[in-house]
Amino acid sequence: MTASTRLGVGTRGLSSRALIHVSTRRKIAIDGPVASGKTSVGRGVSRRLDYRFLDTGLMYRAVAWLALERGVDPGDEESTSRLAEGASMSVSDSEDMGVIVDGVQLGAQLREAPVDRAVSLVARISRVRSALVRLQRDIAREGAIVVVGRDIGTVVLPDADVKLYLEASAEERARRRHLEVHGSEAGPGYESVLRDLERRDALDSGRVDSPLMPASNAIVLQTYGLTVDGVVDEVVRIVEAGQWA
Ligand code: CDP
């Protein structure tokens, strides 16, 4: 069933103005650099609004995992593109399910260090991006959804109803990532977390195809010092106030 037939069935009897109002609340794009909080915030917003949730980073991670698993150099454009184009991939929006690639269910593996190191190399390859963007748009077509990534507002869903771009300093983001991985905000691993994050930011922002940047009509949110719940509150407030371009 397409989104428009669903909308027609679900909103029968509403005035055309109300119909437009309902339809404008269907897609929320959240972009931002490494560890800016997109995934936690996006998931929180999707729960509050009862929307579906798609973490597109997991899809790039799944291609990186597949390349490593098959012994393909993740920087080899031809072989990695063929892998991405030939793989079957389905993504779950439940917290622990992750991605199923060619019948293999992937979860925690997608966050391991080798995948972290390889993912931004894979994500620079245009044919990989085209294959994944096609799938992301198919998933988003099905109805109300929060989609998080690097190019959602600019490329994947340029007509999203609300576009947000989350920002925080590299040091703040490295503290958050260190807390996630090591259970504390600082410690012996901090410098290497910061270096890896800056390296991945540089690759994501400097690539030719779909570089990381805020869409021209995105609302940029500084998240310094805010909790995840605090940012979720702010995003829901923006959506409910209808503050979009
Ligand atoms: O969670 P974290 O911020 O570390 O990264 P992620 O959202 O899981 O994304 C992993 C990598 O996938 C990014 O560093 C990008 O290289 C790539 N990516 C992308 O290019 N486009 C997207 N829409 C999502 C992720």
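Just so it is clear, the structure is predicted and the values come from calculations on it, not from any experiment. Every number for a ligand or one of its atoms is a count from 1 in the order of the listing.
- Between the CD atom of E185 and the CD atom of E180 there is a distance of 11.5 Å, given to the nearest 0.5 Å.
- When only interatomic distances are considered, the shortest N/O to N/O separation between R61 and ligand 1 falls below 3.5 Å.
- Closest of all the heavy-atom pairs between V133 and D151 is CG2-OD2, 4.2 Å.
- Nearest heavy atoms, A84 versus V128: CB-CG2, 4.0 Å.
- For Y60 and R150, the side-chain atoms include no donor-acceptor pair closer than 3.5 Å.
- The closest approach between any non-hydrogen atom of R129 and ligand 1 is below 4.0 Å.
- Atoms of ligand 1 lying under 4.0 Å from any heavy atom of A123, numbered from 1 in the order shown and given with element: 16 (O), 17 (C), 20 (O).
- The two residues V72 and S79 have their closest heavy-atom pair at CG1-CB, 3.7 Å.
- What sits closest to atom 24 (C) of ligand 1 on the protein, heavy atoms only, is T56 OG1, 3.4 Å.
- When the salt bridge (Lys or Arg N to Asp or Glu O under 4.0 Å) test is applied to E172, the partners found at least two apart in sequence or on another chain are R175, R176.
- Applying the salt bridge (Lys or Arg N to Asp or Glu O under 4.0 Å) test to R195 and every residue at least two apart in sequence or in another chain returns nothing.
- Under 4.0 Å is where a charged nitrogen must lie from a carboxylate oxygen, and between D55 and R43 no such pair does.
- Neither the backbone nor the side chain of R199 comes within 4.0 Å of ligand 1, counting heavy atoms alone.
- Atoms of ligand 1 lying under 4.0 Å from any heavy atom of R177, numbered from 1 in the order shown and given with element: 1 (O), 2 (P), 4 (O).
- Remark: R124 does not engage D204 in a salt bridge, criterion side-chain N to carboxylate O under 4.0 Å.
- At a threshold of 4.0 Å, the pair R141-D138 counts as salt-bridged, since one of the basic side-chain nitrogens sits closer than that to a carboxylate oxygen.
- At least one heavy atom of R111 lies less than 4.0 angstrom from ligand 1.
- Atom numbering of ligand 1 starts at 1 in the shown order; those under 4.0 Å from a heavy atom of G57 are 6 (P), 7 (O), 8 (O), 9 (O), 24 (C), 25 (C).
- Residue K38 approaches ligand 1 through these ligand atoms, each under 4.0 Å from one of its heavy atoms: 3 (O), 7 (O).
- Here the protein heavy atom with the shortest distance to atom 11 (C) of ligand 1 is V119 CG2, 3.6 Å.
- In this comparison of T39, D204, D151, the heavy atom closest to atom 14 (O) of ligand 1 sits on D204.
- Looking only at heavy atoms of the protein, atom 7 (O) of ligand 1 is closest to R150 NH1, 3.1 Å.
- Each of the atoms 3 (O) of ligand 1 lies under 4.0 Å from some heavy atom of A35.
- By the criterion of a heavy-atom distance under 4.0 Å, the side chain of R200, and not its backbone, is placed next to ligand 1.
- Those atoms of ligand 1 that come under 4.0 Å of a heavy atom in V34, given as number and element, are 3 (O), 4 (O).
- Heavy-atom contacts of G149 reach the following atoms of ligand 1: 23 (N), 24 (C) (cutoff under 4.0 Å).
- Not a single N or O atom of V148, backbone or side chain, sits closer than 3.5 Å to an N or O atom of ligand 1.
- Residue S120 approaches ligand 1 through these ligand atoms, each under 4.0 Å from one of its heavy atoms: 14 (O), 16 (O).
- The two residues I145 and L54 come nearest to each other via the heavy atoms CD1-CB, 4.0 Å.
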